[in-house]
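Shown next, in structure tokens, is the structure this report addresses.
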Amino acid sequence: MIAPKLDERLQAAADLIRPCDTAADIGCDHGKLSAYLACTGRARRVIAADLRPGPLSTAQKTCEEAGCLAHVELRLGDGLSVLAPGEAQAIVIAGVSAQTAIEMLTAAPWVKAEKTQLVLIPATKAPMLRRWLWENGFSLNAERLVCAAHRWYAVMDAVYTGQAKRPTDAECLLGLTQDQPGAAEYRAQQLERLKKFRRGLENDPAGAQRADRLLRQLEGEA
Ligand SMILES: C[S@@+](CC[C@H](N)C(=O)[O-])C[C@H]1O[C@@H](n2cnc3c(N)ncnc32)[C@H](O)[C@@H]1O
């Protein structure tokens, strides 16, 4: 078996996954992460799933070429609906929006009871996903920062603990990234996004005030 080379996002996700019997790669697309996990034995079995048949057949080809198809099950379907509760001890959801990841997790409340490891790389709106995780009783164990195609991404390792908290806006914006290599660059990117978001709040005085408070706080800390 020859594991495919992963980009930095997916390598960080693979590194965060604890060795397990079954891992699920939801929204697997090209299937490189699924093949990597199967080839390296990080997971004995990998469920590679996607909403669309096109990506799933690409994933099949990737796994065939890597020589690991015997250890990979390909499943067509929406989010975590392709899994039986508890079937996977680790689930990766990478490269979809925070909103889509939240919808997937909301539709599969069993991830709470099963204490499934969640490795999440939102393509957009990481602060929204952090807020949802914390408010819904998930804990972030770690975050890794990676730069891909000139953008910084946070790779999150989360699990349900039942201890919900109300995070501050600053906590949601930066998460656990502050001691990570790339923290300064990530912070600058997040500040720029916040400023852009603020410019769209001209007709929302309360939202504008809240964004201004956060901007003052972060610029004061810089
Ligand atoms: C941009 S690709 C990301 C591929 C890979 N995970 C990565 O991060 O490189 C997003 C993939 O998620 C799939 N997808 C989007 N919504 C989904 C859903 N609700 N359930 C399963 N797959 C979904 C898309 O079909 C697409 O193949």
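In each ligand, atom 1 is the first atom listed, and ligand 1 is the first ligand listed. Both backbone and side-chain heavy atoms feed into the values below; hydrogens, waters and symmetry mates do not. The residues of the chain are indexed from 1 along the displayed sequence.
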*Let me know which of Lys165, Arg131, Arg130 forms a salt bridge (charged side-chain N to carboxylate O under 4.0 Å, His left out) with Glu171.*
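Of the listed residues Lys165, Arg131, Arg130, the salt bridge (charged side-chain N to carboxylate O under 4.0 Å, His left out) partner of Glu171 is Lys165.
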
*Among residues two or more places apart or on two chains, list those pairs meeting salt bridge (charged side-chain N to carboxylate O under 4.0 Å, His left out) that have a residue in residues 87-107.*
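Residue pairs with at least one partner in residues 87-107: Arg45-Glu87, Arg75-Glu87.
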
*With sequence neighbours excluded, what pairs up with Lys195 under the side-chain contact (heavy atoms from CB on, under 4.5 Å) test?*
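For Lys195, the residues satisfying side-chain contact (heavy atoms from CB on, under 4.5 Å) (neighbours in sequence not counted) are Glu192, Arg199, Leu215, Glu219.
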
_Residue list, side-chain contact (heavy atoms from CB on, under 4.5 Å) with Ser57, at least two apart or on another chain_ =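 For Ser57, no residue satisfies side-chain contact (heavy atoms from CB on, under 4.5 Å) once neighbours in sequence are set aside.
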
Note down each nitrogen or oxygen pair, ligand 1 side and protein side, whose separation is under 3.5 Å; give only atom names and the distance to 0.1 Å.
unit_1, atom_1, unit_2, atom_2, d
ligand 1, 6 (N), Gly27, O, 2.8
ligand 1, 6 (N), Ala94, O, 2.9
ligand 1, 8 (O), Arg9, NH1, 3.0
ligand 1, 8 (O), Arg9, NH2, 3.1
ligand 1, 8 (O), Ala94, O, 3.3
ligand 1, 9 (O), Arg9, NH2, 2.7
ligand 1, 9 (O), His30, NE2, 2.9
ligand 1, 19 (N), Asp78, OD1, 2.7
ligand 1, 20 (N), Gly79, N, 2.8
ligand 1, 22 (N), Leu51, N, 3.2
ligand 1, 25 (O), Asp50, OD1, 2.6
ligand 1, 25 (O), Arg52, NE, 2.9
ligand 1, 25 (O), Arg52, NH2, 3.4
ligand 1, 27 (O), Asp50, OD1, 3.4
ligand 1, 27 (O), Asp50, OD2, 2.7

*Flag for Tyr153-Glu8: side-chain donor and acceptor within less than 3.5 Å*: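 No pair is found: no donor N or O on one side chain lies under 3.5 Å from an acceptor on the other.
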
*If you group Ile, Leu, Val, Met, Phe, Trp and Tyr by side-chain heavy-atom gaps below 4.5 Å, do Leu51 and Ile102 land in one group?*
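The answer is no; the residues belong to distinct hydrophobic clusters.
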
